[in-house]
There are 2 protein chains.
Amino acid sequence: MKAAPGPKRVIRSTAEFASYVGLARTTVSRVLNGHPGLKTQTVQRVQQAIEETGFTPNAYALHLKGKRTATIGICMENLLTAPAVLKLAELQRRLRERSHASLIEVLPPGGSREVIRHFLSMRVDAVVFIGHFVEEEIARRIDELMTHATPHLVIDQRGVPHADTVALDRASGMRELMAYLLGLGHRSFGLLAITGAARSVQDRLAGIEAGLAAHGLGFAECTRSLDHLHARQNDFEYGRALALSFVAEKNIPTAFVALNDEVAIGAMHGFQSAGLRVPQDVSVAGFNNQDICLMPTPLLTSIDQQIELTVNTSVDQVLSQIGRPPRPHPHVEMIAPKLVVRDSTGPAPKAKSA
Amino acid sequence: MKAAPGPKRVIRSTAEFASYVGLARTTVSRVLNGHPGLKTQTVQRVQQAIEETGFTPNAYALHLKGKRTATIGICMENLLTAPAVLKLAELQRRLRERSHASLIEVLPPGGSREVIRHFLSMRVDAVVFIGHFVEEEIARRIDELMTHATPHLVIDQRGVPHADTVALDRASGMRELMAYLLGLGHRSFGLLAITGAARSVQDRLAGIEAGLAAHGLGFAECTRSLDHLHARQNDFEYGRALALSFVAEKNIPTAFVALNDEVAIGAMHGFQSAGLRVPQDVSVAGFNNQDICLMPTPLLTSIDQQIELTVNTSVDQVLSQIGRPPRPHPHVEMIAPKLVVRDSTGPAPKAKSA
DNA sequence: ACTGAATTAAGACACGTGTCTTGGTCAAGG
DNA sequence: CCTTGACCAAGACACGTGTCTTAATTCAGT
């Protein structure tokens, strides 16, 4: 639009900027920091010059003068899993609302200490972890942060030693789901990809067991898993393969509970391609309540992670810890998930294993 | 694990660190910067102390001494569209490989200048834009960056004035797709959500037209669009609704080309639920080649964005511009997309509109 | 123990900023 | 004219770091 509105030299310091405005550096500094005792005309002159030049004080020099960096380090396990990215997006948004910047790094399993070192060298005010990390590794990173008086928060990975945590109460989510399915008359359950030593998996299993126990049912008798039959993937294809394996069995469960939505949708496709109707013949439930729940027919029943609530709680937590002495004991807060019933779950078929 | 291996006081400067090691600050500084003329034993003593304390020099003070910040600002339109996030992930990874940090901000449409101001105040070495921005807005941001001698790069939004750009050649992708479909005998095409003034849409239309023209066919006669019949959404549901509207018409096209994979998959579901077989009755092609192409039955033919190549090129571009005088003319580089043929496209049905 | 080289200590300055202090200008009021 | 504020200019210092300079220490070789 505008060709060349003036000399437009690059201004790199308050000194240069002050000479551009025609004021002393100290005066400009006082204007920038809102000190009293300045003529309105002077303030306006500076503000106009800022508009013209787009001058911004060097954040690095500011911090050197003791100002907080107002930067939060965000450590992601990866940027490829949809729920984690959603949390990142919401976290970034909330932090920006509260005038904080986000310095994002990806720390893959076995990743080096470099990432934490970088956070420390950038003097971030706190570090937030999102994803599922190797417990031993993340615990060591957090110890390192604590020795540097840098607050931290782990989102959605319960059980890291010494770690302040905000995590989804997966056990309660599964209890709720089981209560719902049991109420529909289901008594035999197929578990899809809910295997492994990870805490998040163990929590789910505990919730399933508790849900069954509330109806006087035993875990071993009522549940079946064929996870071992295929290479573990936790994705769509794995779900489809598991479904087909279940179809090949004699007594197929009437309800299926999946590790996540991808596996659930894959399983639905598997059942459907084998001629089973969902939910008339089998019910299927996912986990995470991602957008893809709306993609298959029928729409997938799932458990919502309550990402907004989780992130909101997390931001409050982590910002409140900045500049404070570390807590004597880690603060752990659990978020209640929410069952979202859609069309993939329904009453148990009557004449089945009778 | 370890209880308290020493005093573990927080070390905030080379001075404190030097007194911890028992050396002069200047000596420590020389070790840290790899100067010659130091006893091996001294170097080791410092390195060991770094291991013990995790000391890191203040990046802010470093920059103040003229060192580059080695930080790239990444400006995202949002963090909710899968392809954009994939680019972000790859970009972050590449930059980290090249020892650069990523400062990520989200700039929604109509967003303020704050974001650019923040980048400038953080003295980022360059700014990369990912997403589809309002052309006028992004052009102004880039002008502002240029007056501050900060290089920039726009990824995948062709046509921003004065902007260095690396973008997907959507026209050529569509040409290739059309050549493929025409080769299969298709002569009537349904366009799904390819409407609007956005350059990325216009490029596709131009590619479609060119593809048809290469076979001596006219755009108006061979293509049909019903986008106006439903509220524009560019998602799964929109695709499904469009498909059902096409089914309700008299002469349904034999091949469908969609704006993206979501719309394509939605359309496939729509056709299938109306009793049409894919690809026997209608062919459907998506765009972006996201993971979800593997979710429906049949697997979706799509056009791959070549994200790795795009990002790789971008990183080379942007890093090479750091510290250099701005180019006289913007550098625009086009990336050739790649047609990925799967199962959703096949020969045109024979006894159709004859 | 003495010399000379090797190594380290110690002080200074610069970077860009905020803030304190001191001195100067200017206009209004006497 | 002088006094009094109100305002601004100008200098100084600090923050943490790299680097230069100069002085002090250590060490190896005699």
*asked:* Regarding Gly34(B), tell me which of base, sugar-phosphate or nothing describes its non-hydrogen contacts under 4.0 Å with the strands shown.
replied: nothing
*Step-by-step side chain to side chain contact (heavy atoms under 4.5 Å, CB included) determination, Val106(B) to Glu77(B)*: CA-CA 6 Å; Val106(B) 174; Glu77(B) 177 203 5; over 6 Å; no
_Does Thr26(B) contact dA9(C) through a side-chain donor or acceptor facing the base, at a distance under 3.5 Å?_
no
*Listed nucleotide nearest any side-chain atom of Arg25(B), set dG16(C), dA9(D), dT19(D)*: dT19(D)
*Ignoring the backbone of Leu62(B), work out which of dC7(D), dG18(D), dG18(C) is nearest its side chain.*
dG18(D)
*With a 3.5 Å cut-off and just heavy-atom distances, do the side chain of Arg123(B) and the base of dG16(C) make a donor-acceptor pair?*
no
*asked:* What is the distance, to the nearest angstrom, from the CZ atom on Phe17(A) to the C1' atom on dA9(D)?
replied: 17 Å
*Ile130(B) versus Ile74(B): any side-chain heavy-atom pair under 4.5 Å?*
yes
*Can you find an N or O donor on one side and an acceptor on the other, under 3.5 Å apart, linking the side chain of Lys39(B) with the base of dA6(C)?*
no
*Return the 5'-most residue of the pair Glu16(A), His35(A) with respect to DNA chain C, ranking by each residue's nearest nucleotide.*
Glu16(A)
_Rounded to whole Å, please give me the gap between NZ in Lys65(B) and C1' in dC15(D)._
13 Å
*First encountered from the 5' end of DNA chain C, between Val43(B) and Arg30(A)*: Val43(B)
*asked:* Is there a side-chain contact between Asn33(A) and the phosphate of dG18(C), meaning an N or O under 4.0 Å from OP1 or OP2?
replied: yes
*Between Arg140(A) and Glu137(A), is there a salt bridge with N-O shorter than 4.0 Å?*
no
*More than 12 heavy atoms of other groups within 6.0 Å of Arg12(B) CZ*: no
*Take Ala61(B) and Gly22(A), find for each the nucleotide of DNA chain D with the closest heavy atom, and name the residue whose nucleotide sits nearer the 5' end.*
Gly22(A)
*Does Ser29(A) put a side-chain nitrogen or oxygen below 4.0 Å from OP1 or OP2 of dT17(C)?*
no
*Figure out the CZ/C1' separation between Arg12(B) and dT17(D), and round it to whole Å.*
16 Å
*asked:* Closest approach to the side chain of Ser13(A), judged atom by atom: which nucleotide of dG16(D), dT17(C), dA9(D) is it?
replied: dT17(C)
*Which nucleotide in the set dT17(D), dC8(D), dG16(D) lies at the smallest distance from any side-chain heavy atom of Thr14(B)?*
dT17(D)
*What does His63(B) touch in the nucleic acid at a heavy-atom separation under 4.0 angstrom: a base, only the sugar-phosphate, or nothing?*
nothing
*Whole-Å gap separating C1' (dA14(C)) and OH (Tyr60(B))*: 21 Å
*Is any NZ, NE, NH1 or NH2 atom of the basic residue among Arg117(B) and Glu114(B) found under 4.0 Å from an Asp or Glu carboxylate oxygen of the other?*
no
_Whole angstrom value for the distance that separates P of dG24(C) from CG of Leu23(A)_ = 20 Å
*dT17(C) P sits how many Å from Asn58(B) CG, rounded?*
16 Å
_Atom pair distance, as rounded to whole Å: CG in Leu64(A) and P in dG18(D)_ = 12 Å
*Send over the distance from Arg45(B) CZ to dT7(C) P, rounded to a whole Å.*
14 Å
*What class does the angle between the rings of Tyr60(A) and Tyr60(B) fall in, given that below 30° is parallel, 30 to 60° is tilted and above 60° is perpendicular?*
tilted
